[in-house]
Enquirer: 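Right, I'll just put the structure down here and ask away after.
Proteins come first, then strands; the chains are lettered A, B, ... in the order of their sequence lines, and each starts at number 1. FYI, side chains are in, hydrogens and waters are out, and symmetry mates aren't considered; it's all heavy atoms of this structure.
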Amino acid sequence: MLDPKLLRGQLEEVATRLQTRGFKLDVGAFARLEERRKSLQVETENLQADRKRKSKEIGIAKGKGEDVSALMQEVDGFAQRLAECEQQLEVLQKELLDLQLGIPNIPHASVPAGGGEDDNVEVRKWGTPTQFDFTPLDHVDLGVKTGALDFETAAKISGARFSVMYGPLARMHRALIQLMLDTHTREHGYREVYVPYMVNPESLQGTGQLPKFEEELYKLRGEKDLYLIPTAEVPVTNIARDMIYSEDQLPIRFACHTPCFRSEAGSHGKDVRGMIRQHQFEKVEMVQLVKPEDSHAALESLTGHAEAILQKLGLPYRVIVLCTGDMGFSSAKTYDIEVWLPGQGKYREISSCSNFEDFQARRMQARYRPKDGKKPELLHTLNGSGLAVGRTLVAIMENYQQADGSIRVPDALKPYMGGVDVISVPA
RNA sequence: GGAAGCGUGGCCGAGCGGUUGAAGGCACCGGUCUUGAAAACCGGCGAGGGGCGACCCUCCGUGAGUUCGAAUCUCACCGCUUCCGCCA
């Protein structure tokens, strides 16, 4: 959520900046609502002040044993109007809030302008696309050859966009999670955290998935309103909801492994082959809670933490900065990391690292108290995948494949693989 | 699932329906003292919001209700604790 004061005070500038990300702010509608709110709120509060004062007088008069019927009548005189005002104000404020909850974050000044993914800008590249002296297969064909991936069985059990993995490949999938968590906790200063996979609507509103993107979520049946998490970002960031941290507690860094559940509504026909886009996938997520002045530096280091995993695994990648038109709803700035996939002959997203500044914090009322003892301030939140596990597995399969369809185990994973160093093709 | 109890400021903890946004303590901030620190003492100190301002409003788990007036009374819901049962 944007700062309501900013919205009121600099409505036109805000609208202009939101336009760069393709969002049309209805300036007129907002201004009209805001004007009505202002006059109604002033009237309501004046009447409330009146009632408060008179009630106090009644108390005093009664204490002295005086007659209070005149005072009571005075209150009666405006009680009706007050009730109307209060009710209308409540409706109006709800309307304004709904409007504000639907407004995306303002892009940071350093974000390149652009209308869509074609305008994203590459900022660096690591490694070079893997070369083969044979024609490389994609992970689906490799999965068939090794007998380790089984989409048909997954379809039988659940449907499209699910996968079943067997043996050493399933183990490598688990090993990746271990490597990622160990790296972030031992080398990058994150605290490991375990969280619920089912969350309430308040949490989803806090991070920005609700109210606007409900169709992307799986909602559970049952007497409680619960949703499956689309990312660990939701439960982990909401740890900070309604909190006031002391300044010396910051920064807080969490690393968390969870499954993620996404309906992928609206991506029909996209990445239908293989395990690139699944309804269920594993991810290790990094979340940071920092002081406002530190958040952009934190985004750089957090992105580096995700890159470190790819470097350990020897997977070529590039980092791009998303342009204004391609960023997510809540983000002020986002780097995507794209890994080289020989099977597709292109770079594909494997991590997304974002600085939300105070956008999520305002929705969550996540704050900290500055050292000088003054008012609590909103903190800044960030998160990034470190990494998407399924896609990392795909990248390893495709980059580490050999001519016979077997897959070498990257050195960094060997300690976790119990002696297996090749996923071989059965005879 | 059954029974009982409890939800008050950053934390702990008082609070007869009426000058209570809330005693007290801790923490925190400022000061005195000290070579420095600690201790002691003095002072300050909840959050959110509105108004150009003088100021004003809201908030005691959440939501309804009673009342001129609710932290305080009623109802519902949520959460927590303890005991019993069941259970990975």
Enquirer: Between B/A64, B/C68, B/C57, which nucleotide gets closest to the side-chain atoms of A/Ser55?
Expert: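 Side chain of A/Ser55 sits closest to B/C68.
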Enquirer: CD of A/Gln249 versus C1' of B/A27: gap in Å, rounded?
Expert: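 Computing the A/Gln249:CD to B/A27:C1' distance gives 12 Å.
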Enquirer: Just call it for A/Lys62: base, sugar-phosphate, or nothing, with non-hydrogen atoms closer than 4.0 Å on any strand.
Expert: base
Enquirer: Classify the nucleic acid contact of A/Lys224 as base, sugar-phosphate or nothing, counting any heavy atom under 4.0 Å across all strands shown.
Expert: sugar-phosphate
Enquirer: May I ask you to evaluate whether A/Lys375 reaches the phosphate of B/A47, defined as a side-chain N or O under 4.0 Å from OP1 or OP2?
Expert: yes
Enquirer: When both hydrogen-bonding distances must be under 3.5 Å and the geometry is Watson-Crick or G-U wobble, what is B/C6 paired with, if anything?
Expert: B/G79
Enquirer: Roughly, in whole Å, what's the span from OH in A/Tyr245 to P in B/C28?
Expert: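 In whole Å, B/C28 P lies 20 Å from A/Tyr245 OH.
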Enquirer: Look only at the side chain of A/Asn120 and the backbone of A/Cys323, and say whether a donor-acceptor pair between them is shorter than 3.5 Å.
Expert: yes
Enquirer: With respect to the side chain of A/Glu45, which nucleotide from B/G10, B/C68, B/C57 is positioned closest?
Expert: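 For A/Glu45, the side-chain atoms sit closest to B/C57.
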Enquirer: Pick the P atom in B/G69 and in B/C83, then give their distance to the nearest Å.
Expert: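 Comparing P positions in B/G69 and B/C83 gives a spacing of 44 Å.
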Enquirer: From NZ of A/Lys56 over to C1' of B/G69, roughly how many Å is that when rounded to an integer?
Expert: 11 Å
Enquirer: Under a 3.5 Å limit for both distances, which nucleotide forms a Watson-Crick or G-U wobble pair with B/C86, could you say?
Expert: none
Enquirer: Scan A/Arg367 against the nucleic acid and name what it touches under 4.0 Å (heavy atoms): base, sugar-phosphate only, or nothing.
Expert: sugar-phosphate
Enquirer: Using modelled atom types only, decide if a donor and an acceptor are shared between the side chain of A/Glu398 and the backbone of A/His139 within a distance under 3.5 Å.
Expert: yes
Enquirer: How far does the P atom of B/C28 sit from the matching atom of B/A38, given to the nearest Å?
Expert: 10 Å
Enquirer: Could you tell me whether the side chain of A/Phe254 reaches within less than 4.5 Å of the side chain of A/Glu285, counting heavy atoms only?
Expert: no
Enquirer: What's the spacing between A/Phe281 CZ and A/Ile276 CD1 if we round to 0.5 Å?
Expert: 11.5 Å
Enquirer: What integer distance in Å separates A/Ile244:CD1 from B/G46:P?
Expert: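 That distance rounds to 12 Å.
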Enquirer: Side chains of A/Leu299 and A/Cys353, heavy atoms from C-beta outward: is any pair under 4.5 Å?
Expert: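 Yes, their side chains come closer than 4.5 Å.
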Enquirer: Between B/G9 and B/G63, how many Å separate the two P atoms, rounded to a whole number?
Expert: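 B/G9 and B/G63 have their P atoms separated by 15 Å.
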Enquirer: Paired with B/C41 by Watson-Crick or G-U wobble geometry, both distances under 3.5 Å: which nucleotide is it?
Expert: B/G31
Enquirer: State which of B/G49, B/A47, B/U58 makes the closest approach to the side chain of A/Gln41.
Expert: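 Comparing B/G49, B/A47, B/U58 against the side chain of A/Gln41, the answer is B/G49.
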Enquirer: Can you measure A/Ile60 atom CD1 to B/G17 atom C1' for me and round it to whole angstrom units?
Expert: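 My rounded result for the distance is 15 Å.
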Enquirer: Just to confirm, is there a sub-4.0 Å distance from OP1 or OP2 of B/C52 to any side-chain nitrogen or oxygen of A/Lys38?
Expert: yes
Enquirer: Expressed as a whole number of Å, how far does the P atom of B/U19 sit from that of B/C41?
Expert: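 Result for the P pair: 32 Å, nearest Å.
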Enquirer: Return whichever of A/Thr44 or A/Lys54 has its heavy-atom-nearest nucleotide of RNA chain B closer to the 5' end.
Expert: A/Thr44
Enquirer: Spell out, as yes or no, whether a donor-acceptor pair under 3.5 Å connects the side chain of A/Thr185 to the backbone of A/Tyr190.
Expert: no
Enquirer: Side chains of A/Met180 and A/His257: closer than 4.5 Å at any heavy-atom pair?
Expert: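 Not in contact.
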Enquirer: Which of the following nucleotides, B/C68, B/G51, B/U58, is nearest to the side chain of A/Val42?
Expert: B/G51
Enquirer: Taking the same atom, P, in B/A40 and in B/A14, what whole-Å distance lies between them?
Expert: 24 Å
Enquirer: Calculate the interatomic distance between A/Leu97 atom CG and B/G49 atom P; express it in whole Å.
Expert: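 These atoms are roughly 13 Å apart.
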Enquirer: Rounded to whole angstrom, note down the P distance from B/A70 over to B/G44.
Expert: 30 Å
Enquirer: A/Asp50 CG to B/C57 P: how many Å, rounded?
Expert: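 For the pair A/Asp50 CG and B/C57 P, the rounded distance is 10 Å.
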Enquirer: Quick check for you: among B/U58, B/C56, B/G48, whose closest atom lies nearest to any side-chain atom of A/Ala49?
Expert: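 Output: B/C56.
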Enquirer: Is there side-chain contact between A/Leu82 and A/Asp50, with heavy atoms separated by less than 4.5 Å?
Expert: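 No, every pair of side-chain atoms sits at 4.5 Å or beyond.
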Enquirer: Could you please name the option among B/A47, B/G51, B/A64 that lies closest to any side-chain atom of A/Glu90?
Expert: B/A64
Enquirer: Tell me which nucleotide, if any, is Watson-Crick or G-U wobble paired with B/C59 when both distances must be under 3.5 Å.
Expert: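 Base-paired to B/G46.
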Enquirer: Paired with B/G53 by Watson-Crick or G-U wobble geometry, both distances under 3.5 Å: which nucleotide is it?
Expert: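 B/G53 is unpaired by these criteria.
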Enquirer: Considering only the C1' atoms, how many Å lie between B/A64 and B/G10, rounded to the nearest integer?
Expert: 31 Å
Enquirer: To the nearest Å, how far apart are A/Gln93 CD and B/C57 P?
Expert: 16 Å
Enquirer: Looking at B/C68, B/A47, B/C57, which one has an atom nearest to any side-chain atom of A/Arg51?
Expert: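 When the side chain of A/Arg51 is considered, B/C68 is the closest of B/C68, B/A47, B/C57.
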Enquirer: Looking at the side chain of A/Arg369, which of B/C57, B/A47, B/G51 is the nearest nucleotide?
Expert: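 Comparing B/C57, B/A47, B/G51 against the side chain of A/Arg369, the answer is B/A47.
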Enquirer: On RNA chain B, nearest-nucleotide positions of A/Arg37 versus A/Pro376: which is more 5'?
Expert: A/Pro376
Enquirer: Can you check the distance between B/A76 and B/G21, where both ends of the measurement are the C1' atom (answer in whole Å)?
Expert: 27 Å
Enquirer: Within the structure shown, what part of the strands sits under 4.0 Å from A/Pro4 by heavy-atom distance: base, sugar-phosphate, or nothing?
Expert: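 No contact.
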Enquirer: Under a 3.5 Å limit for both distances, which nucleotide forms a Watson-Crick or G-U wobble pair with B/G24, could you say?
Expert: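 With both distances under 3.5 Å, B/G24 matches B/C12.
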